[in-house]
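First the structure, in the form of structure tokens, and then the observations on it.
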Amino acid sequence: MARVFNIQRGIYLLENEGIVEGVLTKVTMGGDGDYPNSWIEYGYVLKHYMLEFKGKTDINFKANKAIIESNGKPIHVFLKEGIDCNYAGIFDFDSFDESNDGSKWFILKKRSQEKVFSLNKYKTELEKNVQSALRFPKERRREIIACTNKIPVRKSAITQVFIRNPYIIAEVLLRAAGVCEFCNQTAPFLRAIDNTPFLEVHHKIPLANGGEDSLENTVAVCPNCHRKAHFG
Ligand SMILES: [Zn+2]
Ligand SMILES: [Zn+2]
């Protein structure tokens, strides 16, 4: 027997000879039901209610058991938000819990990427190399350019990002209403995609320095003010 999908409502078990090799789950976010799935840590730690059958939840239901016993086998998560359904990546089962009313859920954590090449380190190095290239005599610089491959090397890089709350960004953009909150000038152009004013949401205290992703710590600014805030 080949690989088959054993479909348990929103949870699909990828089976090979009856052995579960992986799980696909479609997770409906939010909604106004009693048990809305939610992010504990946005984009990373997911609270996913267990499969329910006739109003009853049991950790021994095949699909629930497959997740609890996944033990390193991939749990592919598809997020359904409104009418959109997007692949969110591979998650691992972390734990499960229940509340007094008998509802049960899994905690799933996004599997981290393999470390290959640090983007931040690369950017710092490039900056340093530009500084030293600026100090070279023109002829020497031209010589180096002449004997360097014009086709750039392509490389995969890893980077650490802060997973930002899209609702904060939306709220701050609406608050600014197209006017930079630093220089009070109108946004320099409209986004081609939707004709909204181009402003960027900036953190007054950088997230990297422990700043919050909150309405209080954010401003919508024009690209000039944004660059100045970071590099001025
Ligand atoms: Zn500005
Ligand atoms: Zn910024």
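Atoms within each ligand, like the ligands themselves, are counted from 1 in listed order.
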inquiry  = Angle at the Zn ion (ligand 1), SG of C225 to SG of C180, rounded to 10 degrees, please.
reply    = 110°
query = Between F198 and F189, what is the ring plane arrangement, given parallel below 30°, perpendicular above 60°, and tilted in between?
reply = parallel
Geometry at the Zn ion (ligand 1) - C222 SG versus C183 SG angle, rounded to 10 degrees = 120°
key: Shortest non-hydrogen separation from P197 to R191 and the atoms involved   = O-NE, 4.1 Å
remark   = min-distance N/O/S atom, H202 vs the Zn ion (ligand 2), resolves to ND1
Value rounded to 0.5 Å, distance of CD in E212 from CG in L207 = 10.0 Å
From H48 atom NE2 to S38 atom OG, the distance as rounded to the nearest 0.5 Å = 11.5 Å
ask   = Below 2.8 Å, any N, O or S contact between H226 and the Zn ion (ligand 2)?
value = yes
